[in-house]
Amino acid sequence: MAVSKRSCGQEASPSKALRRDWAYGIRLFVVPLGSATASRRMIWDREIKAAGGCLADSPWSATHMLLSPEVTPVRLGTWAEKLLEARGRPAANDPVTSVRILSKSLQATWLCTDWLIACLAKQCRVLEEKFKCCLDASTETLDHEDRDCHFIADGPAVAKPQKTEGSSPALPASATASPARTEAESDDSDVEEVLPKLRVFGGEMTPKRANLLRNREKFACQRGGQDPPKTSGSSPPKSRNEKLVSMFSRLQQHYESLGDGWRERSYRLTASILRGLPFEVTSEEDLDRSELRRLGKKTRDKLKEFLNTGSIGRVDGLHMDEHAKALAELQGIWGVGLTTARRWLGSGCRTVTDVRSQVQDGTLRLSADQLIGLQFFEEFAQRIPRIEVDEIIQVVQAAVSRRFGNRLRMEACGSFRRGKASCGDVDLLLCARSAKDELALGSTHDVLSSLVADLHGQGFITHDLKGGNQSHRRPGGHVGQDVNDGEEQQSSTAATYFGVCQLARVGSLHRRIDIKVYPVLEFPFALLSFTGSGPFNRSMRLYARRAGFSLSDHSICRAAHARGNGRGERIWTGPPIAAMQFASERDIFEFLGLAYREPWQREVDASWLAETGTDKQAAKQATAATTGLAADVSSQASSPPAKAEREALGWKDEDEVQSLSD
DNA sequence: CAGTAG
DNA sequence: CGGCCTTACTG
DNA sequence: GCCG
């Protein structure tokens, strides 16, 4: 609580007071459907009161109605009917008409929940225009069950710089209480400045966060970009210290297969530091170089040993090539992890071949997924050339267009998006192009299963892995009535599919393919997450965590510790932060105060370093060293491929925001 | 509980 | 000594 | 294994 909000140089603004009670005169009613869960409503309750507004007891006394974007017309209709009935008013038979009747009887402005979220984020009254719900769009297209009627306005937040002229969106009568205030607010020039800008940490700066911000360079997700994908053959960054690198890599692999993730992490760090070293380690003095300041005592001892004897006992002594190597091979089977590998090893399975024969014997029982993983072990081990990924994308894109027209956008993520020349699997992310499309498309699960069915039908998808038929979730559409049960669940309605595909060509191999469908609001987070790389994500999430947030593939939240989540006690949750101010990956970086990194710059190899105290000297030295001395490394690191080159590689320039503005 | 995904 | 990323889902 |  002891937070000094002053620490982020606020320039004196004439409207400080205004921002504080931006909700003055608002009586809000939140429709208890969709993601407007009870817990969320409670938070909003508190916030709106803090901002000088209040809550309406019922829709009938509200000045503003707040509606969650994913609530379907029918759903809202049934809720409206109940409400009308309770008031003794006639409801129409048709849900959509009922909504219209309700909205006419009320004297409120209907807004998307994102409006409130945006207001809370900016701590000022955001223009309502873009968040209005079109409740009577039905007149045009009412005829069919399809009813493309969009309740939610299309253009979400992220209003790019705009004039504040024609604001004052006709406030409801009850707002007359404070006409002067509202007036002043709308043409206050400060709002113009604050509104379009996404504020770092939501505007809540603390000394801790400020410090973190200063040290962000120390996180891998902020390192200068890594190598652009191999373009010309000229510079294979063959490092000096090859021997050392390979030794520590062995240690890393050893502990990886053994399941000691922490040592694995540690050794990976060491190996990658050595790999990027601009000099060769030849003497113990070299150990004092700033680049190596992160190495601990044990590692230093190993280095010294190497310098003295030319080898490292610990490494030589790895009899692993019997035990650990077998473990590694078994874990290479999709669906097999450390525990299973150990179990099998204990029962006499050393190799994939052993497993196969034991399966034949009936000695070993595998899950369905493991059987598939076993069947295609060799094929899955093959990298997929970038060009083939392109073909696969085309096939899926064709199916998407055929079934959903232009309503869905598709992005290939994973290593493909990072520009790699070959990929381990294909990772596709789907999302409605706009809020309007989202409503028209229906549930993400329906979209996904219908797409998958299509791909199955044409023989492109050959096998399902887990998640293949997880239509386990609440389809959300025909639930009798949850009018009073606004609980729902924030299930976040993302749908995921894991499977196997194969191009219809002669020698084509079976490939792993993942397809995910995410809600529009979560798309930037999903895109960021599934683009990776893994270490990059971990680094960025660690940073977010240090700043007091929790970053995931769905959203970013304040990290409040909540316990007693049943089994896992360590669940961190918190009030969702600004669900809506994020329309692109850039916004997430911006929110965290991080410099944006293009997908091809997220190939984190330089480890993820947590913060150090305040070792400015060392930091500067390191920076100088890597930018100056390590010319051969950093030169190619920080230069993006030319535009033409990017196009040749199939990169798209970022167009995310554009697609949302319809 | 173990395993999957980036 | 405890953290080291995240979270939901499946068998 | 390293860090605070």
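Below, chains carry the letters A, B, ... as their sequence lines are ordered, and counting in each starts from 1. Fair warning: this is a prediction, and the values are worked out from it, not measured in the lab.
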Has [X] got a side-chain N or O lying under 4.0 Å from the OP1 or OP2 atom of [N]?
{"X": "Lys516(A)", "N": "dG6(B)", "value": "no"}
{"X": "Arg418(A)", "N": "dG6(B)", "value": "no"}
{"X": "Thr496(A)", "N": "dA8(C)", "value": "no"}
{"X": "Ser529(A)", "N": "dA5(B)", "value": "no"}
{"X": "Ser555(A)", "N": "dT7(C)", "value": "no"}
{"X": "Arg541(A)", "N": "dC5(C)", "value": "no"}

What does [X] touch in the nucleic acid at a heavy-atom separation under 4.0 angstrom: a base, only the sugar-phosphate, or nothing?
{"X": "Phe536(A)", "value": "nothing"}
{"X": "Gly261(A)", "value": "nothing"}
{"X": "Leu551(A)", "value": "sugar-phosphate"}
{"X": "Thr270(A)", "value": "nothing"}
{"X": "Ser552(A)", "value": "sugar-phosphate"}

Report the distance from atom [atom1] of [X] to atom [atom2] of [N], rounded to the nearest whole Å.
{"X": "Arg268(A)", "N": "dC5(C)", "atom1": "CZ", "atom2": "C1'", "value": "12 Å"}
{"X": "His445(A)", "N": "dC9(C)", "atom1": "NE2", "atom2": "C1'", "value": "10 Å"}
{"X": "Ile333(A)", "N": "dA2(B)", "atom1": "CD1", "atom2": "C1'", "value": "16 Å"}
{"X": "Leu448(A)", "N": "dC9(C)", "atom1": "CG", "atom2": "C1'", "value": "14 Å"}
{"X": "Trp262(A)", "N": "dC5(C)", "atom1": "CH2", "atom2": "C1'", "value": "9 Å"}
{"X": "Leu527(A)", "N": "dA5(B)", "atom1": "CG", "atom2": "C1'", "value": "15 Å"}
{"X": "Leu330(A)", "N": "dA2(B)", "atom1": "CG", "atom2": "C1'", "value": "16 Å"}
{"X": "Ile515(A)", "N": "dA5(B)", "atom1": "CD1", "atom2": "C1'", "value": "14 Å"}

Listed nucleotide nearest any side-chain atom of [X], set [options]:
{"X": "Asp427(A)", "options": "dC4(C), dG6(B), dG1(D)", "answer": "dG6(B)"}
{"X": "Tyr255(A)", "options": "dC4(C), dA2(B), dG1(D)", "answer": "dG1(D)"}
{"X": "Asn537(A)", "options": "dG6(B), dT6(C), dC3(D)", "answer": "dG6(B)"}
{"X": "Thr299(A)", "options": "dG3(B), dC2(D), dG6(B)", "answer": "dC2(D)"}
{"X": "Asp425(A)", "options": "dC5(C), dG6(B), dG3(B)", "answer": "dG6(B)"}
{"X": "Arg265(A)", "options": "dA5(B), dC4(C), dG3(B)", "answer": "dC4(C)"}
{"X": "Lys466(A)", "options": "dC5(C), dG3(B), dT7(C)", "answer": "dG3(B)"}

Looking at Phe306(A), does the NZ or CZ of Lys243(A) lie under 6.0 angstrom from its six-membered ring centre and within 45 degrees of the ring axis?
->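 Judged by the rule (NZ or CZ under 6.0 Å from the ring centre, within 45° of its axis), Lys243(A) is not positioned above Phe306(A).
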
Asp390(A) bridged to Arg386(A) by N-O distance under 4.0 Å =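 So Asp390(A) does not pair with Arg386(A) through a salt bridge.
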
Looking just at side-chain N and O atoms, do Ser529(A) and Arg541(A) make a donor-acceptor pair shorter than 3.5 Å?
-> yes

Side chain to side chain, Leu429(A) and Val517(A), heavy atoms closer than 4.5 Å = no

Would you name the heavy atoms of Thr531(A) and Glu585(A) that are closest together and state the gap between them?
->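 So the minimum-distance heavy-atom pair works out to OG1-OE2, 4.2 Å.
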
Rounded to whole angstrom, note down the C1' distance from dT6(C) over to dT4(B).
-> 13 Å

Inter-nucleotide P distance (dC5(C), dC9(C)), Å rounded = 22 Å

Just say parallel, tilted or perpendicular for the rings of Phe591(A) and Phe201(A), cut-offs at 30° and 60°.
-> perpendicular

Check whether the aromatic ring of Trp334(A) stacks on the base of dT4(B), taking stacking as ring centres less than 5.5 Å apart and planes within 30° of each other.
-> no

Nucleotide opposite dT6(C) in a Watson-Crick or G-U pair, distances under 3.5 Å = none

So, do Tyr518(A) and Phe523(A) have ring centers that fall under 6.0 Å from each other?
->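 Between Phe523(A) and Tyr518(A), which both carry aromatic rings, the centre distance is not below 6.0 Å.
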
